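In what follows, a structure is listed as structure tokens, so that the remarks can point back to it.
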Amino acid sequence: MRIVGLTGGIASGKSTISDLFRSSGVPIVDADIVARDVVRKGTGGWKRVVKAFGNEILLENGEIDRARLGQIIFSDPSKRQLLNRLLAPYISLGIFWGVVKLWLKGCEVIVLDIPLLFEAKMERWTKPIIVVWVDPETQIQRLTTRDGCSEEQARNRINAQNALDWKKTKADIVIDNSGSMEETREQFKKVLMEVTRPLSWRELCLSRKGVTWILVSGVVAGLLVNKHIS
Ligand SMILES: CC(C)(COP(=O)(O)OP(=O)(O)OC[C@H]1O[C@@H](n2cnc3c(N)ncnc32)[C@H](O)[C@@H]1O)[C@@H](O)C(=O)NCCC(=O)NCCS
Ligand SMILES: Nc1ncnc2c1ncn2[C@@H]1O[C@H](COP(=O)(O)OP(=O)(O)OP(=O)(O)O)[C@@H](O)[C@H]1O
């Protein structure tokens, strides 16, 4: 199985690239969705977050007020570290289950869309690593437009992550998403070809097909040896 890492900065275009993968038939495990699921009302993650941040981060229906929690953690690094510490085990487990489910289905190439891939030190589990990059002005402009936040809020959010230029140096593949969607789609075509090239032996051995093949070969070899001895 090939586990491709997809990361970047906030509003650099990860979801946009994820959507292109999905519509090309490549399944995605989306860490933002996992992170939402693990804090649904009544879950273990929800209890931990409410205990640490108090009832003032709850909406009337008892769900977490994400906008409120976002304001708190993106303006206070110690609170952000606390939230990250509280949720990291739940998010990692959720991502792991996402991978297991796709493995059981027999998927051979999957993409993990993880904004904090490097920060959470998960990059060692993925190859290749794709970084979606944008220039700083475009990033601020897209973030303020999409989330309706001020430039200062946008900068706080950007600074809450490792620098995008640094992430770019750690990438196997860089998608420059600073231009038009058309330009991004053109780059994506090449990336898709690279990502869906035939699996290496190692990747094949890790896939469901490979594991089944190894098990069947082992059993057949065992039977033959047994027959030969007796
Ligand atoms: C703070 C929260 C409630 C804000 O929710 P909101 O719906 O406004 O944003 P959303 O979850 O869609 O995240 C948007 C983007 O913010 C960035 N981001 C989210 N959490 C963090 C964080 N702890 N540190 C740095 N950047 C973050 C990511 O780029 C993400 O794609 C939420 O982001 C959250 O629970 N974050 C902690 C969990 C986490 O680490 N998520 C990232 C998954 S790896
Ligand atoms: N090439 C592009 N041209 C114009 N707008 C774009 C382009 N790529 C993405 N956008 C827009 O920029 C915004 C951010 O993109 P997207 O949501 O894909 O980023 P993201 O990295 O997934 O964000 P987050 O980190 O918050 O999850 C969205 O409003 C999206 O429609």
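First listed ligand is number 1; within each ligand, the first listed atom is number 1. Just so we're clear, the structure is a prediction, and the values are computed from it rather than from any experiment.
In this structure, Gly9 is part of the shell of residues with a heavy atom less than 4.0 angstrom from ligand 2. Residue contact check for ligand 2: Ser180 places a non-hydrogen atom closer than 4.0 Å to it. Using a non-hydrogen distance threshold of 4.0 Å, Gly13 registers as a contact of ligand 2. Within the structure, the closest approach of Ser18 to ligand 2 does not fall below 4.0 Å when heavy atoms are considered. At least one heavy atom of Arg36 sits closer than 4.0 Å to an atom of ligand 1.
Using a 4.0 Å cut-off to heavy atoms of Gly179, the atoms of ligand 2 that qualify are 1 (N), 2 (C), 3 (N). Atoms of ligand 1 found under 4.0 Å from any heavy atom of Leu83, numbered from 1 in the order shown, are 37 (C). Distances below 4.0 Å separate heavy atoms of Arg80 from the following atoms of ligand 1: 23 (N), 24 (N). Ligand-side atoms of ligand 1 in range of Gln161: 17 (C), 18 (N), 25 (C), 26 (N), 27 (C), 28 (C), 29 (O), range being under 4.0 angstrom from any heavy atom. Every atom of ligand 2 with a heavy atom of Thr184 under 4.0 Å away is listed here by number and element: 1 (N).
Donor-acceptor pairing under 3.5 Å is recorded for the side chains of Ser18 and Asp113. Thr138 and Gln141 share no side-chain donor-acceptor pair at under 3.5 Å.
Regarding atom 27 (O) of ligand 2, its nearest protein heavy-atom neighbour is Asp32 OD2, 3.4 Å. Remark: minimum distance from atom 20 (P) of ligand 2 to any protein heavy atom is reached at Lys14 N, 3.5 Å. Summary of contacts: the protein heavy atom closest to atom 40 (O) of ligand 1 is Leu116 CD1, 3.6 Å. Among protein heavy atoms, the minimum distance from atom 22 (O) of ligand 2 is reached at Ser15 OG, 2.6 Å. In terms of protein heavy-atom proximity, atom 41 (N) of ligand 1 is closest to Ala35 CB, 3.8 Å. Regarding atom 26 (O) of ligand 2, its nearest protein heavy-atom neighbour is Arg146 NH2, 2.7 Å. Scanning all protein heavy atoms for the shortest distance to atom 3 (N) of ligand 2 gives Arg142 NH2, 3.1 Å. When hydrogens are left out, the protein atom nearest atom 1 (N) of ligand 2 is Asn177 OD1, 2.9 Å; that is the closest non-hydrogen contact. Atom 1 (C) of ligand 1 has as its closest protein heavy atom Ile73 CD1, 3.6 Å. Shortest contact from atom 8 (O) of ligand 1 to any protein heavy atom: Arg157 NH1, 4.2 Å. The shortest contact between atom 18 (N) of ligand 1 and any protein heavy atom is with Phe74 CZ, 3.7 Å.
Contacts of Ile91 with ligand 1, taken as heavy-atom pairs under 4.0 Å, involve the side chain alone. Residue contacts with ligand 1, taken as heavy atom pairs separated by less than 4.0 Å, do not involve Ile64 at all. Counting heavy atoms closer than 4.0 Å to ligand 2, residue Met181 contributes atoms from both its backbone and its side chain. Residue Arg66 touches ligand 1 through backbone and side chain together, judged by heavy-atom distances below 4.0 Å.
A salt bridge between Arg40 and Glu63 is absent, with no side-chain N of the basic residue lying under 4.0 Å from a carboxylate O of the acidic one. Glu123 has no carboxylate O lying under 4.0 Å from a charged side-chain N of Lys167, or vice versa, which leaves the two without a salt bridge. Of the charged side-chain nitrogens involved, none lies within less than 4.0 Å of a carboxylate oxygen, so that Asp65 and Arg68 do not count as a salt-bridged pair. Using a 4.0 Å cut-off between a side-chain N of Lys or Arg and a carboxylate O of Asp or Glu, Lys190 and Glu194 do not qualify as a salt bridge. Using a 4.0 Å cut-off between a side-chain N of Lys or Arg and a carboxylate O of Asp or Glu, Asp19 and Arg22 qualify as a salt bridge.
By the 4.5 Å heavy-atom criterion applied to side chains, Met122 and Ser92 are counted as neighbours. Residues Leu204 and Ser207 form a side-chain contact, since some pair of their non-hydrogen atoms from C-beta on lies under 4.5 Å apart. By the 4.5 Å heavy-atom criterion applied to side chains, Met1 and Ile110 are counted as neighbours. With a 4.5 Å cut-off on side-chain heavy atoms, Lys41 and Asn61 do not count as touching. For the pair Val50 and Leu58, the minimum side-chain heavy-atom distance is below 4.5 Å. Counting heavy atoms from C-beta outward, Thr7 and Phe118 have side chains that approach closer than 4.5 Å. Using a 4.5 Å heavy-atom threshold, the side chains of Leu20 and Val191 count as separate.
Evaluated by nearest non-hydrogen atom to atom 9 (C) of ligand 2, the leading choice among Ile175, Thr16, Asp19 is Thr16. Comparing Asp30, Ile33, Ile10 against atom 16 (O) of ligand 1, the shortest heavy-atom distance belongs to Ile10. In this structure, of Asn84, Asp32, Ile158, Val38, the residue bringing a heavy atom nearest to atom 23 (N) of ligand 1 is Asn84.
In this structure, atom 31 (O) of ligand 2 has no protein heavy-atom contact shorter than 4.0 Å.
Every residue two or more places apart in sequence or in another chain was checked for a salt bridge (Lys or Arg N to Asp or Glu O under 4.0 Å) with Arg66, and none qualifies.
Tested against Val34 for a side-chain contact (heavy atoms from CB on, under 4.5 Å), the candidates Val38, Asp32, Asp37 yield a single pass: Val38.
More than 12 heavy-atom neighbours from other residues, nucleotides or ligands sit within 6.0 angstrom of CH2 on Trp166.
Note: no N/O pair closer than 3.5 Å links Ile10 and ligand 2 by distance alone.
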